[in-house]
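See below for the structure under consideration.
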Amino acid sequence: MSDSLITPRTMSGFRDFLPEMMIPRERLMETARQVYRKYGFSPIDTPTLEYAEILTGKGSDETDRQMYRFQHGKHDVAMRFDLTVPLARFVAQHQNELGMPFKRYHIAPVWRGERPQAGRYREFAQCDFDTIGTTSIASDIEIVMVINDLMRAIGFEKFSIRMNNRKVLNGVLEKSNLAEHSVPVLRALDKLAKIGRDKVKTEMAEATGASDEQLDQILMLAEIKGTANEVLEQLVPLCSGNELAEQGREELAQIVAATEAVGFPEGTLSIDVSIARGLDYYTGTIVETFLDDLPEFGSVCSGGRYDNLAQLYTKTELPGIGASLGLDRLLAAMEKLDMIPPVKTPADVLIVFFDKSQLHYYLKLAQDLRAAGLGVELYPDAKKLNKQYKYADRRGFAATLIAGGDEIERGIVQVKWMADGTQVELPVADGGKEIAEWIKNQQG
RNA sequence: GUGGCUGUAGCUCAAUUGGUUAGAGCGCUGGAUUGUGAUUCCAGAGGCUGGGGGUUCAAGUCCCCUCAGUCACCCCA
């Protein structure tokens, strides 16, 4: 009954991943894992669902509104909308088992009920890494270094890490007697690059009733341009006289100096005094990462320092710093930039099923090659070669292997490199070692 | 959550402005080709024009609702 069929579809902002997308997506996660582990971050996981009170306490009304939330029996339940709030609960609950400082990474999906846009979804993966339990600037420096390593390991050359410090912003607001209006002022300031000076000023004036003079002082700060060191230089007079601002400037200077000392690529890190970030809990360093080729995609890796992350759940002060790689946004960007190869299989090699009577021979050959480190698929039917080679081509196999009666008798296989059609005869007596080596060599 | 634009085959797009049976390229399946894919030739499958309702003699085309995509706002990865 065709009328009773249910239309197969996914909800707005939720997506399926086909192999050609999931393969690079998994590779991205694997790359992130490797980088995090190199810095000593340990993996954790937390539940998808939390009691709603855990998640609603910290966020703004805005995050509450975006949260998927429902009643399950007697319980008020919600789906996590980021990985930082669950982390706060997690460290508060397990602080004695974890010991401080604690470094963790967490790769998992989060959900936000907002309107989808290019690079924005309702379900998307975040790859968070945080260091909890220390206020040392060394952790701030390390976060910036991780972002740099991460982006380069993924394959990006053209990106910029923009850094700021909430203390500078708040200190200068104090100087201008605007401290009590920090939230709307910073929110407006964050839009500087997008909507321009005049509109930002209008928005600030409407929100705070501040004078032209007060606002000019803030905007002067945000409009500082130049290399990291030039910005630091110009910040000196603007921060002077306010302890908080001077401290923030000093922290920025220390991070810049440290990245220079470890040979950070020039121009990768810049100071942008206009970035503020929406989240209220940031108190020090703030970072955002933009792709030079797709600035409109927004930040692909953002984070910052917070003084007291878990204050809702414990009296112990737990300062920390961390950032979040937007895996799905990055994937969307890579697709747009043609960085996703058209590969639909995770295997390197297809063995052509040539002779129906030789199934055992092919199975053994496949096993040997797997043991030698290759991903190997045996075509399941002895169909025409035309079909099998076409299949290999469509799936994006790097190489095909074929052995008929003649080759089997001679103890060799024909190995074909699909990209250029190169074909060689290689022996099988060594358990596929030479074949594996040849293929890895071709792969570069 | 608010507003604008869009929706025709798996994908990219046509269809004389409301007029018979909705077409093409690419892709897909099969064949030419039981020892070779990406190039060539032939054939085939694939559509309730996103879904529902309305106006009309007549709707892919006009109107309303809904779903999805997209853009802006809000916010953010």
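First the proteins, then the strands, lettered A, B, ... as listed; each starts at 1. Only a predicted model underlies this, so the values are computations on that prediction, with no experimental measurement involved.
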- Answer yes or no: does atom CD of Glu180(A) have more than 12 heavy-atom neighbours from other residues, nucleotides or ligands under 6.0 Å?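 Counting other residues, nucleotides and ligands, CD of Glu180(A) exceeds 12 neighbours.
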- Message: Under 4.0 Å, counting only non-hydrogen atoms across every strand here, what does Ile402(A) touch: a base, just sugar-phosphate, or nothing?
- Response: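 Base contact.
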- Message: Whether Arg162(A) engages the ring of Phe290(A) as a cation-pi pair (distance to the six-membered ring centre under 6.0 angstrom, angle to the ring normal within 45°) should be assessed.
- Response: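 Output yes; distance and angle both within limits.
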- Task: Establish, for the pair Lys416(A) and Tyr389(A), whether the NZ or CZ atom is under 6.0 angstrom from the six-membered ring centre and no further than 45 degrees off its axis.
- Result: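 Output yes; distance and angle both within limits.
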- Dot-bracket for RNA chain B, 5' to 3', counting Watson-Crick or G-U wobble pairs under 3.5 Å, with [ ] for crossing pairs and | for inter-strand pairs? (((((((..((((.....[...)))).(((((.......))))).....(((((..]....))))))))))))....
- Verify the contact: side-chain N or O of Lys344(A) to OP1 or OP2 of rG27(B), cut-off strictly under 4.0 Å; return yes or no.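 Answer is no, no contact under 4.0 Å.
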- Task: Check each of Phe129(A), Phe102(A), Tyr105(A) against Phe41(A) using the ring pair (Phe, Tyr, Trp, His ring centres under 6.0 Å) test, and report the only one that passes.
- Result: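 Per the ring pair (Phe, Tyr, Trp, His ring centres under 6.0 Å) rule, the option paired with Phe41(A) is Phe129(A), out of Phe129(A), Phe102(A), Tyr105(A).
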Could [X] and [Y] be called an ion pair, given the rule that one side-chain N must be under 4.0 Å from one carboxylate O?
{"X": "Glu30(A)", "Y": "Arg33(A)", "value": "yes"}
{"X": "Arg395(A)", "Y": "Glu377(A)", "value": "no"}
{"X": "Glu142(A)", "Y": "Lys103(A)", "value": "yes"}

[N] base / [X] side chain donor-acceptor hit below 3.5 Å:
{"X": "Glu114(A)", "N": "rA77(B)", "value": "yes"}
{"X": "Lys416(A)", "N": "rG37(B)", "value": "yes"}
{"X": "Gln388(A)", "N": "rG35(B)", "value": "no"}
{"X": "Gln423(A)", "N": "rU36(B)", "value": "yes"}

- Item | Asp328(A) and its salt bridge (charged side-chain N to carboxylate O under 4.0 Å, His left out) partner, picked from Arg122(A), Arg15(A), Arg120(A) |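 Running salt bridge (charged side-chain N to carboxylate O under 4.0 Å, His left out) over Arg122(A), Arg15(A), Arg120(A) with Asp328(A) returns exactly one hit, Arg15(A).
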- Going by a 90° cut-off around 0, is rU17(B) syn or anti?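 Syn conformation here, the glycosidic angle of rU17(B) being no more than 90° from 0.
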- Item | Centroid distance under 5.5 Å and plane angle under 30°, Phe354(A) vs rG35(B) |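 No; centroid distance or tilt outside limits.
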- Task: Take Asp149(A) and Tyr39(A), measure what side chain to side chain donor-acceptor pair (under 3.5 Å) needs, and give me the verdict at the end.
- Result: CA-CA 10 Å; Asp149(A) 280 4; Tyr39(A) 281 82; 2.6 Å; yes
I'd like a table of atom pairs between the protein and nucleotides 69-71 of chain B - only N or O on both sides, under 3.5 Å - with the distance next to each one.
from, atom 1, to, atom 2, distance (Å)
rG69(B), OP1, Gly13(A), N, 3.0
rG69(B), OP2, Ser12(A), OG, 2.4
rC71(B), OP2, Ala118(A), N, 2.6

- Toward the 5' end of RNA chain B, by each residue's nearest nucleotide, Arg394(A) or Asp420(A):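 Nearest-nucleotide comparison on RNA chain B picks Arg394(A).
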- Tell me which residues in residues 32-46 of chain A put a heavy atom below 4.0 Å from RNA chain B, sorted by number, or none.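 RNA chain B contact set from residues 32-46 of chain A: none.
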